[in-house]
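Reviewing the structure listed below.
All of these numbers come straight from a predicted model, not from anything done at the bench. Remember, it's 1-based here, ligands and their atoms both numbered in the order they're listed. All heavy atoms count here, side chains included; hydrogens, waters and symmetry mates do not.
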Amino acid sequence: MKVVTTIKQVREQVKSWHQSGASIGLVPTMGFLHEGHQSLMAAAKKDNQKVIVTIFVNPIQFGPSEDLASYPRDLQRDKIACEKMGVDLIFCPSTDEMYDTHFSSYVDVNGLTDALCGKRRPGHFKGVCTVVTKLFNITQPDRAYFGQKDAQQLAVIKRMVKDLNFNIEIIGCPIVREQDGLAKSSRNSYLSESERLAAVCLYQAIESANSMIKQGEKSVATIRTAMQDIIAKQSLAKIDYIEFVDLQTLTSVELLEQDSLCALAVYIGKTRLIDNFIYYHYYS
Ligand code: PAF
């Protein structure tokens with residue numbers, strides 16, 4: 001496994017892989033890798049001859065009051081995880097390598113970014129789309145892998161790839177959970193012991209919504225109230241949002257009569273966690 005920090009080094013490696021006809025799978029990450037990332041690497045490994053993992057905490061996707069400075073980092077541990085997964089190349093650039101002092105071009109996806117996290121984190125998806133575009137251009141992959149946990153990010157990137165004619169297949173991979181249901185996330189490392197226990201309320205709310213839906217409940221207001229009640233039981237939890245949106249357009253739905261995404265963001269102490277599930281109308 002090679003570990004490189006410059007765009008030039010990636011381009012040289014990618015050129016030789018392309019010349020030999022090898023397919024390339026890309027797993028873009030911000031590091032502090034966990035089993036969720038490992039599942040993306042495993043999928044990339046299965047589908048492609050070569051796998052690139054990028055590790056870059058992208059400053060332009062963090063708001064001024066967000067956790068850029070404290071975002072967890074452990075490159076040594078990440079290297080070991082990648083090696084174990086059979087990754088071929090890690091690209092871990094510095095901020096200066098990615099953004100020179102005169103950097104001034106951004107990629108902005110409209111519409112899909114108006115709701116959910118896009119509404120609460122202005123500029124976040126512009127930062128994500130810009131860095132992902134750069135990583136696509138640098139690594140020239142055949143396929144790129146993203147987690148379903150960041151459901152809006154996945155939808156936005158799929159839209160961007162379609163709109164801008166990237167010749168890259170975007171593959172969404174299922175949420176990986178802890179034993180008690182908490183979705184794996186690098187930000188879980190911020191949680192104290194009591195916060196970690198409280199954090200299970202996101203999954204409990206999802207489970208309760210799913211069982212109401214199974215029993216035939218279609219009213220979003222009713223389901224949302226039940227979810228709010230579960231989360232309210234945890235004094236350390238504060239709801240940022242619980243929203244039901246159309247799976248394609250990400251616009252609000254009031255009745256479950258189409259494929260929908262239920263997404264939630266909840267502060268546990270100071271840590272903002274997200275989770276979601278998809279409701280498929282056809283199968284219900
Ligand atoms: O999902 C993430 O970790 C980041 O948003 C991504 C896609 C690596 C871009 O920085």
Side-chain angles (χ1 to χ4, degrees), residues 5 7 10 25-41 43-44 51-63 66-75 77-78 81-82 85 87 89-99 103 105-109 112-113 116-118 120-139 141 143-161 164 166 168-176 183-190 263 265 271-276:
T5 55
I7 294 166
V10 180
L26 170 69
V27 181
T29 81
M30 298 206 301
F32 214 69
L33 305 174
H34 51 69
E35 287 88 336
H37 296 112
Q38 280 168 20
S39 76
L40 305 182
M41 294 181 214
V51 175
I52 302 177
V53 171
T54 63
I55 298 177
F56 179 60
V57 182
N58 175 35
I60 68 164
Q61 71 185 72
F62 289 79
E66 292 182 355
D67 57 343
L68 172 62
S70 58
Y71 196 85
R73 292 158 167 93
D74 191 342
L75 188 55
R77 214 191 59 167
D78 288 349
C82 288
M85 295 305 294
V87 168
L89 181 76
I90 296 180
F91 175 46
C92 47
S94 65
T95 302
D96 289 348
E97 180 70 7
M98 291 297 278
Y99 301 110
F103 183 84
S105 306
Y106 295 87
V107 181
D108 209 353
V109 173
L112 288 182
T113 56
L116 311 175
C117 287
R120 277 92 186 168
R121 303 183 67 190
H124 169 67
F125 287 113
K126 186 171 164 187
V128 169
C129 289
T130 302
V131 81
V132 169
T133 295
K134 285 167 70 66
L135 294 171
F136 284 173
N137 284 332
I138 295 164
T139 61
R143 298 175 192 85
Y145 298 79
F146 296 87
Q148 178 61 42
K149 184 174 82 72
D150 297 293
Q152 187 175 20
Q153 170 171 282
L154 180 58
V156 167
I157 288 168
K158 280 186 176 165
R159 182 76 258 162
M160 176 185 86
V161 162
L164 301 183
F166 284 102
I168 299 170
E169 190 183 347
I170 301 301
I171 298 176
C173 298
I175 298 175
V176 179
K184 301 256 183 192
S185 163
S186 306
R187 288 191 169 98
N188 292 350
S189 66
Y190 294 144
T271 305
R272 186 176 177 277
L273 300 179
I274 57 171
D275 205 339
N276 68 79

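For the pair Ser39 and Tyr145, the minimum side-chain heavy-atom distance is 4.5 Å or more. With a 4.5 Å cut-off on side-chain heavy atoms, Phe32 and Val57 do not count as touching. You'll find the side chain of His37 stays beyond 4.5 Å of the side chain of Val53, heavy atoms only.
Atom 3 (O) of ligand 1 has Met30 CG, 3.6 Å as its closest protein atom, hydrogens excluded (heavy atom only).
Atom OG1 of Thr29 and atom CG of Leu135 lie 9.5 Å apart (nearest 0.5 Å).
Proximity of a side-chain donor or acceptor of Asn276 to a complementary backbone N or O of Gln148 within less than 3.5 Å is detected.
Numbered from 1 in the order shown, with element, the atoms of ligand 1 that lie under 4.0 Å from a heavy atom of Gln61 read 4 (C), 5 (O), 9 (C), 10 (O). Close approach of ligand 1 to Gln153 (heavy-atom distance below 4.0 Å) involves ligand atoms 1 (O), 2 (C), 4 (C), 5 (O), 7 (C). Of all atoms in ligand 1, listed by their number and element, those nearer than 4.0 Å to a heavy atom of Val131 are 9 (C), 10 (O). Below 4.0 Å from some heavy atom of Thr29 lie the following atoms of ligand 1, by number and element: 8 (C).
Contact annotation for Thr54 and ligand 1: no heavy atom of the residue comes within less than 4.0 Å of the ligand.
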